Student: 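Sharing a structure below in structure tokens format, with a few things to ask.
Position 1 is the first residue of the sequence, and the numbers go up from there. Just so it is clear, the structure is predicted and the values come from calculations on it, not from any experiment. Both counts, for ligands and for their atoms, begin at 1 and track the order of listing. Scope of the values below: all heavy atoms of this structure, side chains included, with no hydrogens, waters or symmetry mates.
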Amino acid sequence: MKELKTLNKYFLKYSRHLGWGILFVTISNLFGIFPAQLTRNALDVVAGNIDTYRLFNGFGLQNDFYKLLTFNIFLFGILVLSMALLKGIFMFLMRQTIIVMSRHIEYDMKNEIYAHYQKLGLSFYTSNNTGDLMNRISEDVGRVRMYVGPAIMYTINLIVMFLLVIWAMVSVNARLAFYVLLPLPIMSFMVYNVHDKINKRSEAVQAKLSDLSTFVQETFSGIRVLKAYVREKQFLKAYSIQSSDYRDLSMNLVKVNALFMPSMLLLVGLSTILTIYVGSIEVMNGRLTVGNIAEFVLYVTMLTWPVASLGWVVTIVQRAAASQERINEFLKIQPDIVGGNYAPERLKGEIILQNVTVKYPQSGTVALNNVSFSVKPGQSLGVIGRTGSGKTTLVNVLLRLLDPSEGNVVLDGKNLKDFDLGVLRDRTGCVPQDVFLFSDTIKGNIAFGLKSKMDLSKVEQAAKDADVYDNIAEFPMGFNTIVGERGITLSGGQKQRISIARAIIKQPDILVFDDCLSAVDTLTEEHILSNLRRIMKDRTTVLISHRVATVKNADHIIVLDEGSIAEDGNHQELMAKRGLYASLFEMQLLEEIS
Ligand SMILES: Nc1ncnc2c1ncn2[C@@H]1O[C@H](COP(=O)(O)OP(=O)(O)OP(=O)(O)O)[C@@H](O)[C@H]1O
Ligand SMILES: [Mg+2]
């Protein structure tokens, strides 16, 4: 339960809601008790006067007496109704304070978790799957909300009502009170057990449902592969096996659910019978009035639901504690990459790598091995290497998405770790290797790179520079075309170029291209690169590719091989070396001709 202490700060923040809530609960319960006492009085009035009424049999006065009696009963009725109305109003206010508080807390928690997620580095995202991250922020927060809202509300209600009702009962007749209260703990324990079962079974149902939706989702995203390999029948079979499991689990749940209400009602009935039985004996012994029995029956019904809810509240609290523990686990993780204080307006763009080595802890792969090079401000650097040679790792190091295990990165004469992360990444434009477009318009996707307001002329210019303007203009909706769930309406090359436009629209001081021209033809590539030379004049550019054609005009080229620099120099120098670079060049030239 200590995990739930984390939530106390929220109770403090919303203590006003909570305070009012407790007051409203108390008042609404008072209005629940008065009607029981009124009913007792009404019945006693009837029971006490019925004999007098009979005495007047045959007299004209009987009619007047009858009128008086019924008027009295009518008044009681009106009173009971107004009490119910008042109780309703205060119950409304109780929900308006406590449940509203829980929604506020839910909102705060979701924001806190989301903000924390964004602070965490890439290693966090590679070691946790997306489903888990989603669950923390939706399902677990939802369960915690059940604790800070309904559970707290029912507990306060239970305590207040118990104190009031027991006090009222004992002040009438302690013996009867004892008998009436007897079955309640049993009921509470039973409800706890049943709820526990219901929870376990519904969790199993939920888990199966999530399996089922993952399966269906994968089928739809991979529909092209599925159809091409004619696997519809197998998938249908796999699906029906999964969904029949789901059905069986649901049936299991329905069984417990169906038993719940009848057994509750049975216990309530038993309590009522006990009350009437013991009450009647007390009446016969002259220690109670008939009205008292009615009053007690009303108390029993009043107590039933809160007592039943006790078992339910216990399960809610247990689940909330488990959820909060999972949330706390995530919140405790500290970001492994923290920025410094140095926040210059602009970057000059001098990059120096000193003996940088990167080893991925999960796999032990040494992705970069003792890499050193320097790029002068305004120069362009080409990086070429075969697949898996460490190029993307180098990009991650430059953007500080990853810290080197050994060695230093020096930018503009300062250690990269001294830079404010926001400034560093804001002034660096990066086009990642795997394109990601948001489900938004093309315009929105390109303007994502802008910090300021949307500026259509800038968007269009960026699209022209990335050589994708003509393609976009051909779409019926132009720049307002919505990119499908994962950009399915665009070709690979179009997506890459939109991703390039997004990076150049922000006019960064350093531009990093991670193999992002792989899906465009050589002619388009030429266009883009010559546009880039104009845009990136006097700014540093890092061009990464596995194609010689992309990097050959760079001022300086390094050739990566299994994480180490195998060769470096400009195109002519490297060709003269007749090493790896030259062989790559010849191979790719051959490929293009053939
Ligand atoms: N998150 C990671 N965890 C463990 N190993 C990784 C991780 N990312 C990359 N690697 C490994 O590091 C090596 C270099 O990967 P990297 O992505 O830098 O290559 P690359 O040169 O960009 O390749 P490509 O041209 O295919 O994009 C590879 O052996 C890869 O398996
Ligand atoms: Mg790569």
Side-chain angles (χ1 to χ4, degrees), residues 117 120-133 333 335-337 351 353 355-373 375 381-407 409 416 425 428-437 492-493 495-497 499-500 502-503 510-520 522 525 529 541-552 554 556-568 574 579-581 583-585 587-588 591:
Y117 276 170
L120 296 173
L122 284 187
S123 57
F124 172 77
Y125 289 94
T126 41
S127 53
N128 288 287
N129 66 28
T130 322
D132 249 10
L133 304 187
I333 301 175
D336 46 358
I337 291 178
I351 305 168
L353 257 72
N355 309 95
V356 167
T357 295
V358 174
K359 185 174 173 179
Y360 284 109
Q362 299 98 326
S363 58
T365 318
V366 181
L368 287 179
N369 187 9
N370 203 13
V371 170
S372 306
F373 63 79
V375 190
L381 172 79
V383 180
I384 188 164
R386 275 199 285 262
T387 171
S389 55
K391 303 183 297 292
T392 300
T393 307
L394 181 66
V395 174
N396 290 342
V397 167
L398 289 179
L399 283 171
R400 244 201 120 203
L401 291 168
L402 196 73
D403 273 337
S405 350
E406 281 166 48
V409 183
L416 199 65
R425 291 176 190 161
T428 315
C430 172
V431 188
Q433 184 170 21
D434 31 78
V435 179
F436 179 81
L437 297 182
K495 280 193 274 187
Q496 279 194 336
R497 280 172 290 153
S499 171
I500 293 172
R502 172 165 70 193
I510 299 174
L511 190 67
V512 183
F513 269 31
D514 186 5
D515 220 351
C516 58
L517 291 163
S518 58
V520 299
T522 357
E525 180 176 16
L529 288 174
T541 317
V542 179
L543 282 172
I544 289 174
S545 179
H546 61 268
R547 278 213 308 240
V548 176
T550 319
V551 297
K552 71 173 194 286
H556 190 77
I557 302 167
I558 58 177
V559 183
L560 276 182
D561 187 29
E562 294 189 359
S564 308
I565 297 184
E567 293 168 319
D568 68 331
L574 285 168
L580 193 60
Y581 183 85
S583 71
L584 275 174
F585 180 75
M587 224 152 58
Q588 288 171 6
E591 268 171 26

Student: When you measure from the heavy atoms of S389 to every atom of ligand 1, does any distance fall below 4.0 Å?
Tutor: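 Per 4.0 Å heavy-atom rule, S389 contacts ligand 1.
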Student: Is there a donor-acceptor pair closer than 3.5 Å between any side-chain N or O of T428 and the backbone N or O of I510?
Tutor: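 No, T428 side chain to I510 backbone: no donor-acceptor pair under 3.5 Å.
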Student: Can you say whether the rings of Y117 and F124 are parallel (under 30°), tilted (30 to 60°) or perpendicular (over 60°)?
Tutor: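 Because their plane-to-plane angle lies in the 30° to 60° range, the rings of Y117 and F124 count as tilted.
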Student: Would you kindly specify which portion of T393 sits under 4.0 Å from ligand 1, judged on non-hydrogen atoms: side chain, backbone, both or neither?
Tutor: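 T393 to ligand 1: contacts from backbone and side chain alike.
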Student: Should the pair R386-E562 be classified as a salt bridge under the 4.0 Å nitrogen-to-oxygen rule?
Tutor: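 Looking at E562 together with R386, the answer is no, because their closest N to O distance does not fall below 4.0 Å.
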Student: For atom 20 (P) of ligand 1, tell me which residue out of K359, Q362, K391, R386 has the closest non-hydrogen atom.
Tutor: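 The residue whose heavy atom sits nearest atom 20 (P) of ligand 1 is K391.
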Student: Side chains of L580 and D561: does their closest heavy-atom pair fall under 4.5 Å?
Tutor: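 They are in side-chain contact.
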Student: Without swapping roles, check the side chain of K391 against the backbone of G385 for a donor-acceptor pair under 3.5 Å.
Tutor: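 Checked: pair present.
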Student: Can you tell which part of Q433 has a heavy atom less than 4.0 Å from ligand 1: side chain, backbone, both or neither?
Tutor: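 Side chain only.
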Student: State whether any protein heavy atom lies less than 4.0 Å from atom 31 (O) of ligand 1.
Tutor: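 No; the ligand atom in question lacks any protein heavy-atom contact below 4.0 Å.
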Student: Look at atom 26 (O) of ligand 1 and say which protein heavy atom is nearest, naming residue and atom and giving the distance to 0.1 Å.
Tutor: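 For atom 26 (O) of ligand 1, the nearest protein heavy atom comes out as T387 OG1, 2.6 Å.
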Student: Report the member of T365, T392, L368 with the shortest heavy-atom distance to atom 17 (O) of ligand 1.
Tutor: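 Result: the heavy atom closest to atom 17 (O) of ligand 1 is in T392.
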Student: Spell out, as yes or no, whether a donor-acceptor pair under 3.5 Å connects the side chain of S405 to the backbone of K359.
Tutor: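 Between the backbone of K359 and the side chain of S405 there is a qualifying donor-acceptor contact (under 3.5 Å).
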Student: Minimum distance, heavy atoms only, to atom 13 (C) of ligand 1: which one of A367, G385, S123, G563 is it?
Tutor: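 Minimum heavy-atom distance to atom 13 (C) of ligand 1 goes to A367.
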Student: Looking at atom 9 (C) of ligand 1, tell me if a protein heavy atom falls under 4.0 Å from it.
Tutor: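 Flag for atom 9 (C) of ligand 1 set to true, protein heavy atom closer than 4.0 Å.
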Student: Quick check on contacts: which atoms of ligand 1 are under 4.0 angstrom from a heavy atom of G390?
Tutor: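 The list of qualifying atoms is 14 (C), 18 (O), 19 (O), 20 (P), 21 (O).
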Student: Supply the atom-to-atom distance L543 CG to L381 CG, rounded to the nearest 0.5 angstrom.
Tutor: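 Here the rounded value is 8.0 Å.
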Student: Using the rule given for side chain to side chain contact (heavy atoms under 4.5 Å, CB included), can you reason through L560 versus I565, listing the C-alpha separation, both sets of side-chain angles and the distance that settles it, and then say yes or no?
Tutor: CA-CA 5 Å; L560 276 182; I565 297 184; 4.1 Å; yes
Student: Among protein atoms, how many N/O/S atoms lie less than 2.8 Å from the Mg ion (ligand 2)?
Tutor: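 Protein heteroatoms (N, O, S) closer than 2.8 Å to the Mg ion (ligand 2) number 2.
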Student: For the atom pair CG (L517) and OG1 (T550), what is the distance rounded to the nearest 0.5 Å?
Tutor: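 So the CG of L517 and the OG1 of T550 are separated by 6.0 Å.
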Student: If you measure every N/O of T126 against every N/O of ligand 1, is any gap under 3.5 Å?
Tutor: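 No, T126 has no N/O under 3.5 Å of an N/O on ligand 1.
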Student: Is there side-chain contact between I384 and I544, with heavy atoms separated by less than 4.5 Å?
Tutor: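 Side chain of I384 against side chain of I544, heavy atoms only: no contact under 4.5 Å found.
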Student: Could you list the donor-acceptor pairs under 3.5 angstrom formed by side chains in residues 394-404, with sequence neighbours left out?
Tutor:
unit_1: R400; atom_1: NE; unit_2: D403; atom_2: OD1; d: 2.9
unit_1: R400; atom_1: NH1; unit_2: V338; atom_2: O; d: 2.9
unit_1: R400; atom_1: NH2; unit_2: D403; atom_2: OD2; d: 2.9

Student: Looking at ligand 1, does any of its N/O atoms fall within less than 3.5 Å of an N/O of G388?
Tutor: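 Indeed, backbone or side chain, G388 has an N or O that close.
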Student: Just by modelled atom types, is the C516 backbone N or O under 3.5 Å from a matching donor or acceptor in the Q433 side chain?
Tutor: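 Looks like no, no N/O pair under 3.5 Å.
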Student: Of S518, S545, G364, S363, which has the heavy atom at the shortest distance from atom 5 (N) of ligand 1?
Tutor: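 Closest candidate by heavy-atom distance is S363.
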